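First the structure, in the form of structure tokens, and then the observations on it.
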Amino acid sequence: MNVPLKNGTESIIVTALMALTAFWFVDAVIDAVIPQVECECGHLHVPALLASLFHLIPLIAQLLLIIFVRRLFRERRLLVRELEAAAAAALDEKARTDAVIAAVGDGVCMLDRDFRIVYQNRAHERLIGEHGGELCSEAYGEDPDTCGDCPMARTMETGEVRAGTRRLTSRGETRFLEITFSPVRNASGEIVAGVEVVRDVTERRHNEEEIRSLNATLERRARDLAANNRELEAFSHSLSHDLSAPLTKISCAVEALRELYGERMGDEGRFLLSCISEGGAQMEDLMDALLVLSRVSRKELRRETVDMGAMVSQLALDLRRSDPARRVDFVISPELTAEGDPSLLRVALQNLLSNAWKFTRNVDGGRIEFGSIDRNGERVFYLRDNGAGFDMGAVGRIFEVFQRLHDEGLFPGTGVGLATVQRVIERHGGTVTAHGVQGHGATFTFTLP
């Protein structure tokens, strides 16, 4: 509210004083002049003149009073301006404070010394409802007898900032509140009120409970996984020892039969012996592949810099030596390095190369390429061949154990090699993908973070 520089009272007082002063001045002049005019002697009447001059003293005092009063009114106007500016600044500050408190996501309320709620922001009203003028215990649905021992009571006694929790049940819904209690002091330092900052932590509590439940589930699964690993180790031991012995006996018996009775068996008998021998060899290959897969899954990862190009070159040389009559062009990019476990990466590359070597068997001018490309700042290794390829409709099964996409009579195998490749790459934190065109080759890509 703006106050005028001169209000009605000031104008009346100043006008009255000036009129009174003018009246006294005229009266003093008249009293001094008229006696002189009426004097017939032609001389000044000194006593009358002195009396008239004496009347000027109140006039001078009145003038001084007017000057003093005007100065007082001027100071009053300055004081009013300062008060108005201070009040406006206080209102602006209050508006800013109210806006900040209203925008705070946490609930804020103020309690007086009797623990009655004297202020709530909107967030606090949304949490517990409107309870202005009520006791804090009534707002939270608690026993008033507990107020003397609540954290806010101790805060008002000691002046310390405290924290606590409350469980609030309203409209059939239970909420968990986290509350910070702070004292409010006046200019002399006395505690006159308290402030509660209330945060709804219900969702966080539920998340923590869910995390605890998930951790318990993970612990159970970890125990189950450990048990499965022990079973897998037992299975691996059985494959390497218990099953290999019977297969060795079968193989030896077949060779003995072939040597002792081969001539008398005839073609049909020799064919049956050949089937038994091939079946045993296939079983041994499958056991070896499963053992490799088991070791890949259990082996401790040891990372170091691996020369991928040199490793592929050595594996390609081994394949050439295994079948010198084959004519396959190997195109291997030099100086390709990666961080990983050398023995595991060798297993993966050996399976990929053996796969490409096998499926280029019936291709004139077979070609196998190994290199890398940059994809969105990440190095991606690839192994490409121009062999039999595969139907992309079955690509989802290509890395599964015992899944085969080709006739075993044309391309024999265990169905474990690509599953082993995927296990190795995923253990390194990478991914492996396959793309093929039936009759036009296949490309396998993988990453090694």
Side-chain angles (χ1 to χ4, degrees), residues 83-222:
L83 289 175
E84 286 180 345
L91 290 174
D92 290 342
E93 186 64 27
K94 180 180 181 300
R96 285 193 293 268
T97 303
D98 290 343
V100 170
I101 294 176
V104 170
D106 296 337
V108 178
C109 79
M110 182 176 290
L111 311 175
D112 61 16
R113 293 287 302 186
D114 295 325
F115 306 106
R116 293 189 179 275
I117 297 176
V118 295
Y119 171 80
Q120 290 178 277
N121 70 346
R122 292 183 180 179
H124 194 272
E125 291 176 354
R126 287 194 297 269
L127 283 174
I128 68 171
E130 297 184 21
H131 297 282
E134 298 180 11
L135 288 173
C136 177
S137 58
E138 295 174 356
Y140 288 104
E142 298 176 349
D143 187 354
D145 294 337
T146 62
C147 288
D149 195 38
C150 75
M152 177 56 81
R154 293 194 292 272
T155 292
M156 288 191 181
E157 288 177 2
T158 64
E160 298 177 352
V161 176
R162 295 178 178 269
T165 58
R166 275 196 177 106
R167 182 173 179 171
L168 177 65
T169 302
S170 177
R171 297 184 292 274
E173 183 182 9
T174 300
R175 309 195 70 81
F176 297 93
L177 307 178
E178 205 172 67
I179 307 176
T180 302
F181 306 90
S182 302
V184 177
R185 301 177 184 272
N186 60 13
S188 61
E190 297 176 351
I191 298 175
V192 295
V195 171
E196 288 184 354
V197 178
V198 184
R199 175 170 295 178
D200 187 353
V201 294
T202 305
E203 184 175 357
R204 190 181 76 188
R205 281 285 190 95
H206 291 163
N207 292 338
E208 290 173 352
E209 292 175 1
E210 185 175 357
I211 290 172
R212 284 193 293 270
S213 176
L214 290 174
N215 286 337
T217 302
L218 287 175
E219 288 177 1
R220 289 195 299 271
R221 290 184 178 178

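Predicted model only: the values in this text are computed from it and were never measured.
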Kindly write out the residues that satisfy side chain to side chain donor-acceptor pair (under 3.5 Å) with [X], not counting sequence neighbours, or none if the list is empty.
X      : value
Glu130 : none
Thr202 : Asp200
Arg116 : none

Please name the pair of heavy atoms, one in Val161 and one in Ser182, separated by the smallest distance, quoted to 0.1 Å.
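Minimum heavy-atom contact is CG1-OG, 3.8 Å.
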Measuring from atom [atom1] of [X] to atom [atom2] of [Y], what distance do you get when rounded to the nearest 0.5 angstrom?
X      : Y      : atom1 : atom2 : value
Thr217 : Glu210 : OG1   : CD    : 10.0 Å
Glu196 : Leu177 : CD    : CG    : 10.0 Å
Arg205 : Phe176 : CZ    : CZ    : 5.0 Å

Test: Glu190 and Arg113 ion pair at under 4.0 Å:
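Answer for the salt bridge query: no.
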Who pairs with Glu208 by salt bridge (charged side-chain N to carboxylate O under 4.0 Å, His left out), at least two apart in sequence or on another chain?
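With sequence neighbours excluded, Glu208 shows a salt bridge (charged side-chain N to carboxylate O under 4.0 Å, His left out) to Arg204, given in chain and number order.
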Taking salt bridge (charged side-chain N to carboxylate O under 4.0 Å, His left out) as the test, write out the residues that go with Glu160, two or more places apart.
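By the salt bridge (charged side-chain N to carboxylate O under 4.0 Å, His left out) rule, Glu160 matches Arg162.
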Is there side-chain contact between Val108 and Gln120, with heavy atoms separated by less than 4.5 Å?
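No, every pair of side-chain atoms sits at 4.5 Å or beyond.
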With the side chain counted from C-beta on, respond yes when His124 and Tyr119 share a heavy-atom pair under 4.5 Å apart, and no when they do not.
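The answer is no; the side chains never approach within 4.5 Å.
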Summary of salt bridge (Lys or Arg N to Asp or Glu O under 4.0 Å) pairs that have at least one residue in residues 211-222, sequence neighbours excluded:
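Not a single pair qualifies under salt bridge (Lys or Arg N to Asp or Glu O under 4.0 Å).
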